[in-house]
Amino acid sequence: MSDSADGRAVVRIVETEAYVPGDAASHACRGKTPRNGIMFGRHGHAYVYFIYGSHFCLNVTSEPAGIGGGVLLRAAEPVSGIDLMRTRRPGSADRDLARGPGRLAAALGVDRAHDGTDLCAPGSLWLAAPLRPAPPPATSVRIGLTKEAHRPLRFFERGNRFVSGPASLNR
DNA sequence: AAGAAGATTCGCT
DNA sequence: GCGAATCTTCTTA
């Protein structure tokens, strides 16, 4: 969930991708740098980075302090604050408000200012308990990577129409 | 100091 | 389905 001066936006995460220690595709694979420093901090914090000159991606750090790792939030189902999300993503169909990592960050109003936020504490951006029970996530290879994409580290809710990626991966 | 690559999205054909 | 847009960051010279 995210709070801002414009209101609150709530989504249900339906797709994630993991970047584990020793992973050539991870931003952490070449050691700690100014950009990825948050990944080497404690788990449960936001790692936000700017990509392709126009988009932000939101990750949750996943490893103990000193070890670089994280989980990219790839897609989410809008739950409330939908009008606010439409404002942030003009021209987008409701299904596409948060379907994709850059879209998800935009819908929640996430930018560099959220880098390092503790997602388990009250604030402008945080994780809450599941809104409804869900079956165990399905698994697939990762999307959009040029290295180690074959690893089965993408997790998604099977059958949910807010999941991104080609249909062939979502079975 | 310069260059290439990148966990993407959108619009056009 | 394909390619441009756009800029930050790290790597290499």
Side-chain angles (χ1 to χ4, degrees), chain A residues 2 9 11-63 66-78 82 84-117 119 125 127 137-158 160-171:
Chain A
S2 78
V11 300
R12 185 171 163 272
I13 298 166
V14 297
E15 180 186 349
T16 64
E17 218 165 63
Y19 293 85
V20 299
D23 184 347
S26 171
H27 287 175
C29 74
R30 290 177 200 272
K32 191 172 177 177
T33 66
R35 174 173 69 156
N36 68 18
I38 297 298
M39 288 183 95
F40 290 84
R42 289 183 42 237
H43 60 275
H45 289 238
Y47 166 47
V48 180
Y49 65 90
F50 194 52
I51 187 96
Y52 293 124
S54 36
H55 307 287
F56 289 100
C57 288
L58 172 61
N59 304 249
V60 182
T61 61
S62 58
E63 305 296 326
I67 301 178
V71 175
L72 171 68
L73 305 187
R74 283 198 56 90
E77 171 181 337
I82 295 179
L84 173 57
M85 291 188 253
R86 289 187 185 123
T87 302
R88 287 170 172 155
R89 294 196 25 77
S92 170
D94 283 2
R95 184 186 175 220
D96 295 335
L97 284 176
R99 189 170 62 96
R103 294 165 170 177
L104 185 156
L108 290 178
V110 169
D111 62 23
R112 224 182 307 274
H114 294 89
D115 195 34
T117 300
L119 297 176
L125 182 67
L127 291 167
T139 305
S140 85
V141 297
R142 297 186 287 188
I143 293 179
L145 305 195
T146 56
K147 299 171 188 163
E148 302 214 31
H150 63 279
R151 289 203 188 195
L153 292 175
R154 173 174 174 262
F155 305 94
F156 61 96
E157 182 176 43
R158 180 170 283 140
N160 187 298
R161 70 194 207 92
F162 295 96
V163 169
S164 77
S168 58
L169 284 185
N170 295 335
R171 293 194 276 262

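Here is the naming used below: chain letters follow the sequence lines, and residue numbers restart at 1 for every chain. The figures here come from the full heavy-atom set of this structure, side chains too, leaving out hydrogens, waters and symmetry mates.
Remark on DNA chain B: of its neighbouring residues G53(A) and S92(A), the 5'-side contact belongs to G53(A), judged by nearest-heavy-atom nucleotide.
Residue contacts shown for R142(A) are absent, as no nucleic acid heavy atom lies under 4.0 Å away. If you check every strand for non-hydrogen atoms under 4.0 Å, R99(A) touches nothing.
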Report all interatomic pairs (protein N or O, nucleotide N or O of nucleotides 9-13 of chain C) with separations under 3.5 Å.
unit_1, atom_1, unit_2, atom_2, d
dC10(C), OP1, T33(A), OG1, 2.2

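Using a distance-only test at 3.5 Å, with no hydrogens or angles considered, no donor-acceptor pair links the side chain of E157(A) to the main chain of V14(A).
Annotation: salt bridge (charged side-chain N to carboxylate O under 4.0 Å, His left out) contacts of D115(A) (sequence neighbours excluded): none. Listed by chain and residue number, nothing satisfies the salt bridge (charged side-chain N to carboxylate O under 4.0 Å, His left out) test with R42(A) (two or more places apart in sequence, or in another chain).
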Would you mind writing out the side-chain donor-acceptor pairs for residues 52-60 of chain A within the sub-3.5 Å range, not counting sequence neighbours?
unit_1, atom_1, unit_2, atom_2, d
S54(A), OG, Y52(A), O, 3.1
N59(A), ND2, Y47(A), O, 3.0

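E17(A) CD to S140(A) OG: the interatomic distance, rounded to the nearest 0.5 Å, is 7.5 Å. In this structure, T61(A) OG1 and H45(A) NE2 are separated by 6.0 Å, a value rounded to the nearest 0.5 Å.
In DNA chain C, the stems built from three or more successive Watson-Crick or G-U pairs (distances below 3.5 Å) are B:1-6 with C:7-12, B:8-12 with C:1-5.
The outermost nucleotides of DNA chain B lying under 4.0 Å from heavy atoms of chain A, listed 5' to 3', are dG6(B) to dC10(B).
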